[in-house]
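We number each residue from 1, following the sequence as shown.
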Amino acid sequence: MKPISKEKLAHLRKQYPAGARVELLWMDDAQAPPVGTKGTVWGVGDIGSIMVQWDNGSNLSVVYGVDSCKVIEERSEEAF
């Protein structure tokens with residue numbers, strides 16, 4: 001895992017706000033949801049992991065510098 005700078009962490013938190021809908025592009029974990037699974041962001045941790053509640057019930061985080069996801073909707077109306 002790559003260390004994250006304060007600037008990059010701030011950028012990630014702005015890019016992935018709580019409530020944003022994301023789609024999984026890649027996750028290096030045997031328990032990972034399938035690529036293409038959608039979920040709702042509930043935060044970005046201090047080491048840059050994007051914490052997601054996946055629609056399939058998983059809550060594995062997207063690890064900074066290892067896994068990948070993209071925002072598909074700025075904020076879900078259902079999140080709040």
Hydrophobic cluster (4.5 angstrom, side-chain heavy atoms) - remaining members for Trp42
Met51
Should Asp67 and Leu60 count as side-chain neighbours, where that means a heavy-atom distance under 4.5 Å?
no
Once rounded to the nearest 0.5 Å, what's the spacing between atom SG of Cys69 and atom NZ of Lys38?
12.5 Å
Do any side-chain atoms of residues 28-36 form donor-acceptor pairs under 3.5 angstrom with protein atoms, and if so which ones, sequence neighbours left out?
{"residue": "Asp29", "atom": "OD1", "partner": "Gln31", "partner atom": "N", "Å": "2.7"}

Non-hydrogen atoms of Trp54 and Thr37 that approach each other most closely
CZ3-O, 3.4 Å
Any side-chain heavy-atom pair from Val71 and Tyr16 closer than 4.5 angstrom?
yes
With Ser68 via side chain to side chain contact (heavy atoms under 4.5 Å, CB included) - residues at least two apart:
Leu25, Trp26
Which residues pass the side chain to side chain donor-acceptor pair (under 3.5 Å) test with Gln53, sequence neighbours left out?
none
If a pair satisfies salt bridge (charged side-chain N to carboxylate O under 4.0 Å, His left out) and one of its residues is in residues 40-49, list it, with sequence neighbours excluded.
Arg13-Asp46
Salt bridge (charged side-chain N to carboxylate O under 4.0 Å, His left out) partners of residues 54-64, not counting sequence neighbours, each pair once
Arg21-Asp55
I need the Ile47 CD1 to Leu12 CG distance, nearest 0.5 Å.
11.5 Å
Rounded to the nearest 0.5 Å, how far does OH of Tyr64 lie from CD1 of Ile4?
4.5 Å
